[in-house]
Amino acid sequence: MEDTATVPAVSVQQLCKSYSQDGYSQQVLHGVNVEIKEGEIVSLLGQSGCGKSTLLSIIGGFEQGDSGVVRIGGQLVTKPGRHCVMLFQSYGLLPWRSVRSNVELALHGMSLTKQEISDRAAHYISLVGLQDRMTAFPAQLSGGMQQRTALARALVMQPKLLLMDEPFAALDTFTKYALQDELLRIQQQEKVTIILVTHDIDEAITLSHRVLIMQATPGTITATIPIVAPKPFDRGDADFQHYRKRILSLFRLSGTKQVEEFVI
Ligand SMILES: Nc1ncnc2c1ncn2[C@@H]1O[C@H](COP(=O)(O)OP(=O)(O)OP(=O)(O)O)[C@@H](O)[C@H]1O
């Protein structure tokens, strides 16, 4: 039997996926292999259309690959499960429900008492700093507060794996930085494993333990960059700029040519 300590939180092996449209088939993912440890934050970074969201969606069980295997905690993924929650850029809050009610809704169907639901929701709303806005409705909140609510609604389910698809892309820079820092604080506390899809190089460096570079046609992972720095990573630090330059060079967006050491 496999030692549970060595079972990866997420394992993707030889994943392939094509879409067919109007009699034309497009291969979106080809031979994707990923292994993620428990408590790790990993970013999928790549240009638009390279298959990041498709990969995330297959890991979450929302779509199926054509071939290959996806496992979460050693279990084969065939459909979405409560152990894995997806957080989108668009918040997805119900406008007629308060912050508290939106978060509590995620717990319906679980075998919890009303009191347990109420306490657990209040705990996670406080964790994202919205304890004073529990009775507010989404329209009364800023974009950052709405995304905090969506984060509380995801965390209240106590998932093992949080999948985030460009969660902060709609926010202004200052709100985005504040939420990135908060996400790191919460992740260190909750120890949840996170896979983050992003176009934002700085976001990938700030949040990740490892950045996976994806290239398109067909989508595949071409490089892995471990971010070896204490978190939170000071965005003004010289090391931060070093990672930035190296990632830019992988996308041929800067003159640095030191790409070979990262190629796997
Ligand atoms: N349901 C679908 N049917 C047909 N084609 C699809 C479908 N979903 C995605 N695609 C195609 O697959 C490719 C990859 O899409 P995907 O959304 O995974 O890319 P992405 O890297 O996440 O892009 P972006 O960063 O712009 O969101 C694109 O060419 C897209 O048009």
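Just follow the structure's listing: the first ligand is 1, and inside any ligand the first atom is 1. These numbers come from the heavy atoms of this one structure, side chains and all, not from hydrogens, waters or symmetry mates.
Close approach of ligand 1 to G49 (heavy-atom distance below 4.0 Å) involves ligand atoms 13 (C), 14 (C), 19 (O), 20 (P), 21 (O), 23 (O), 24 (P), 26 (O). Atoms of ligand 1 lying under 4.0 Å from any heavy atom of T54, numbered from 1 in the order shown and given with element: 15 (O), 16 (P), 18 (O). Near Q47, meaning under 4.0 Å from any of its heavy atoms, are these atoms of ligand 1: 21 (O). Of all atoms in ligand 1, numbered sequentially from 1 with element shown, those under 4.0 Å from a heavy atom of H199 are 24 (P), 25 (O).
Of the options S57, G46, S48, the smallest heavy-atom separation from atom 26 (O) of ligand 1 is shown by S48. Atom 17 (O) of ligand 1 has its nearest heavy-atom neighbour, among S53, A169, A216, P218, in S53.
Open room surrounds NE2 on H30; 12 or fewer heavy atoms of other groups in view lie less than 6.0 Å from it.
Within the 4.0 Å heavy-atom shell around ligand 1 one finds Q26. Within the structure, the closest approach of G51 to ligand 1 falls below 4.0 Å when heavy atoms are considered.
Taking the centre and axis of the six-membered ring of Y177, the NZ or CZ atom of R235 falls inside the cone set by 45° and 6.0 Å.
Contact annotation for atom 30 (C) of ligand 1: protein absent (non-hydrogen atoms, distance under 4.0 Å). Using a 4.0 Å threshold on non-hydrogen atoms, atom 22 (O) of ligand 1 counts as touching the protein.
Between the side chains of Q241 and D237, no donor-acceptor pair of N or O atoms lies under 3.5 Å.
The part of E166 lying near ligand 1 is the side chain, judged by heavy-atom distances below 4.0 Å.
A salt bridge is absent between R120 and E116: the closest approach of a Lys/Arg side-chain nitrogen to an acidic carboxylate oxygen does not fall below 4.0 angstrom.
Within the 3.5 Å criterion, the main-chain N or O of P167 finds a donor-acceptor partner in the side chain of Q147. Between the side chain of E182 and the main chain of G129, no donor-acceptor pair closer than 3.5 Å is present. In this structure, Q26 contributes its side chain and Y19 its backbone to no donor-acceptor pair below 3.5 Å.
In this structure, L184 and I41 have side chains that are in contact, with non-hydrogen atoms separated by less than 4.5 Å. Between Q187 and I194 there is a side-chain heavy-atom pair separated by less than 4.5 Å.
The distance criterion of under 3.5 Å between nitrogen or oxygen atoms is not met by V28 with respect to ligand 1.
The single protein non-hydrogen atom nearest to atom 1 (N) of ligand 1 is Y19 CE2, 3.7 Å, given as residue, atom name and distance.
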